[in-house]
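What you see is a predicted model, and the numbers here were worked out from it, not measured in a lab.
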Amino acid sequence: MGSKTKWIGFLILLAVIAVGGIYLLLGGGQSPVTLRGYVGGEKIGLLEDPEVQGILEREYHLTLDYAKAGSLDMVTADHTGRDFLFPSSQNALEYYQQVCGAPVKSEIIFNTPIVLYTHTPILEAFRDRGLVTEREGCYYMDMEGLVAEIEAGTTWAELGLPELYGTVAVNTTDPVRSNSGNMFAGLLANVLCGGVTDVEHVEEILPRLCSIFERLGYMEASSSDLFDQFLKTGMGAKPMIAAYENQLLEFAVENPEDWEQLKGDIVMIYPTPTVWSSHIYIAIDEAGAAGVDALLDEEVQRLAWEKHGFRTEVSGTDSDSGQFGVDHIAAAITQVAAMPSYAVMERVLEALS
């Protein structure tokens with residue numbers, strides 16, 4: 001009996017060893033590798049999502065450690081000990097290539113359009129002015145008309161809003177430091193040129209573009225900070241801002257009670273045309289390259305849309321937006337202009353610095 005018991009114990013031990021070996025072969029015993037980098041503030045909600053973190057650790061054995069930085073600031077920041085950058089535009093990649101050379105790897109992870117956020121009374125004033133129209137349940141701003149009002153120095157009072165101080169303006173982030181401001185500057189440059197701005201014509205519109213931005217005063221360095229201030233300070237402080245579409249969608253999912261209180265007041269308007277913000281992952285070293293496949297994982301991409309509002313190839317965004325509880329979401333973004341080239345935007349940034 002004792003001998004039989006020993007044999008049973010021995011077989012159990014072999015089975016445990018075999019299972020353990022298979023577990024290790026499949027990567028189950030692999031410790032997560034930590035990748036360090038800089039990210040745009042609008043993506044921190046996604047990267048701090050426990051479901052996303054779980055997929056990265058379980059399937060790719062990765063954790064991401066990051067500091068918030070503006071898309072252009074992160075290019076010139078100290079990269080010592082950093083494996084990746086995760087800015088919000090391809091212009092940032094071109095900037096990186098100019099400053100640092102070719103990255104180990106780069107890939108667009110998802111996209112989001114630039115939109116305008118404002119308050120219901122302001123929306124109605126613009127509708128009365130004929131600048132905002134509604135199509136298929138979504139609001140669209142005539143950007144040429146809006147820029148004309150800004151350049152004319154039209155006051156909010158003249159727009160029928162005497163409770164607001166100053167002239168019509170769109171607050172944005174600092175275009176020299178942050179991508180959403182940079183992209184809005186590119187969008188305004190296109191509007192002023194009557195098409196996509198090129199090197200030949202950019203000098204003609206720079207004085208007008210600089211004049212628009214000079215009226216804004218202090219500008220936030222982060223898109224997340226600007227959006228947070230917009231929600232907290234009310235209609236008087238920041239009547240209208242330019243930011244990312246995903247920011248409101250993510251806020252509504254993560255803060256349903258707060259959104260229930262705000263949804264009668266906060267409105268999203270799509271500029272016509274708008275521009276796409278392409279959130280691009282830049283691997284600085286070989287280790288950082290592993291982040292590309294992890295972030296393109298189908299489940300991560302699904303969560304990026306369903307919980308955080310980023311438009312992805314697998315999200316089914318054309319038909320499914322009910323989970324946000326946000327009205328007036330465009331099923332598809334169709335009226336889009338190309339951003340000016342990096343050479344043009346470099347000249348724009350020089351003028352705005």
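- For the residue pair N246 and H308, no side-chain donor N or O sits within less than 3.5 Å of a side-chain acceptor on the partner.
- Side-chain atoms of V52 and D297, non-hydrogen and from C-beta on, never get closer than 4.5 Å to each other.
- V104 and I108 are assigned to two separate hydrophobic clusters, defined by single-linkage of ILVMFWY side chains at heavy-atom distances under 4.5 Å.
- With hydrogens and angles left out, the side-chain atoms of Y244 and N179 include a donor and acceptor closer than 3.5 Å.
- Salt bridge status for K307 with E254: absent, with no side-chain N to carboxylate O gap under 4.0 Å.
- Without hydrogens or angle criteria, T173 side chain to G181 main chain gives a donor-acceptor distance under 3.5 Å.
- If you check the side chains of S89 and N91, you find no donor sitting under 3.5 Å from an acceptor.
- Between the CD1 atom in I55 and the CG atom in L303 there is a gap of 5.0 Å [rounded to 0.5 Å].
- Between the side chains of T112 and S277, no donor-acceptor pair of N or O atoms lies under 3.5 Å.
- Side-chain contact check for I282 versus P87: some heavy-atom pair is nearer than 4.5 Å.
- With contacts defined as side-chain heavy-atom distances shorter than 4.5 Å, the pair Q335/T274 does not qualify.
- Judged purely by distance below 3.5 Å, without hydrogens or angles, the side chains of Y60 and D293 never pair a donor atom with an acceptor atom.
- Between T172 atom OG1 and M240 atom CE the span is 11.5 Å, to the nearest 0.5 Å.
- Between F227 and Y117, a ring centre-to-centre spacing shorter than 6.0 Å is recorded.
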Criterion side-chain contact (heavy atoms from CB on, under 4.5 Å) on E346 and E94, from CA distance to verdict:
CA-CA 10 Å; E346 188 175 33; E94 291 185 59; over 6 Å; no

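- L226 and L352 end up in different hydrophobic clusters when Ile, Leu, Val, Met, Phe, Trp and Tyr side chains are linked at under 4.5 Å.
- When F84, F110, Y66, Y96 are each tested for a ring pair (Phe, Tyr, Trp, His ring centres under 6.0 Å) with Y281, only one passes: F84.
- Here CG of L192 is found 6.5 Å from CG of L188. Values are rounded to the nearest 0.5 Å.
- In this structure, K263 does not pair ionically with D327, as no charged nitrogen and carboxylate oxygen lie closer than 4.0 Å.
- Side-chain polar atoms of S88 and K43 form a donor-acceptor pair below 3.5 angstrom.
- Side-chain atoms of Q90 and Y342 form no donor-acceptor pair, as typed in the model, at a separation below 3.5 Å.
- Atom CZ in F310 sits 8.0 Å away from atom CD in Q247 (nearest 0.5 Å).
- Below 30°, between 30° and 60°, or above 60°: for F126 and W156 the angle between ring planes is above 60°, a perpendicular geometry.
- At least one side-chain heavy atom of E203 sits less than 4.5 Å from a side-chain heavy atom of R347.
- Contact annotation: the side chain of D228 never approaches that of D225 to less than 4.5 Å [non-hydrogen atoms, C-beta and beyond].
- Residues V292 and L46 fall within the same hydrophobic cluster, defined by Ile, Leu, Val, Met, Phe, Trp and Tyr side chains chained together at heavy-atom separations under 4.5 Å.
- In this structure the side chain of V132 never reaches within 4.5 angstrom of the side chain of L146, judged on heavy atoms.
- At distances below 3.5 Å, not a single donor-acceptor pair connects side-chain atoms of R36 with backbone N or O atoms of R82.
- By the 4.5 Å heavy-atom criterion applied to side chains, M235 and P121 are counted as neighbours.
- With hydrophobic clusters built from ILVMFWY side chains whose heavy atoms lie under 4.5 angstrom apart, I280 does not share a cluster with L35.
- Residue pairs meeting the side-chain hydrogen bond (donor to acceptor under 3.5 Å, both in side chains) criterion with at least one member in residues 160-170, sequence neighbours excluded, do not occur.
- For residues 206-220, every residue pair satisfying the side-chain hydrogen bond (donor to acceptor under 3.5 Å, both in side chains) rule, not counting sequence neighbours, is listed here: E151-R208.
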Quick one: side chains of residues 265-272, donor-acceptor pairs under 3.5 Å with protein atoms, not counting sequence neighbours, listed by atom name and distance.
residue	atom	partner	partner atom	Å
D265	OD1	H119	ND1	3.3
D265	OD2	H119	ND1	2.8
Y270	OH	E245	OE2	2.6
Y270	OH	A330	N	3.0
T272	OG1	M141	O	2.6

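- A continuous path of ILVMFWY side-chain contacts below 4.5 Å connects I150 to I114, so both sit in one hydrophobic cluster.
- Proximity of I44 to K68: side-chain heavy atoms (C-beta onward) are separated by under 4.5 Å at one or more points.
- Checking T63, D83, D65 one by one against T34, the side-chain hydrogen bond (donor to acceptor under 3.5 Å, both in side chains) holds for a single residue, T63.
- In this structure, E286 does not pair ionically with K105, as no charged nitrogen and carboxylate oxygen lie closer than 4.0 Å.
- Using modelled atom types, one side-chain atom of N190 and one backbone atom of A338 make a donor-acceptor pair closer than 3.5 Å.
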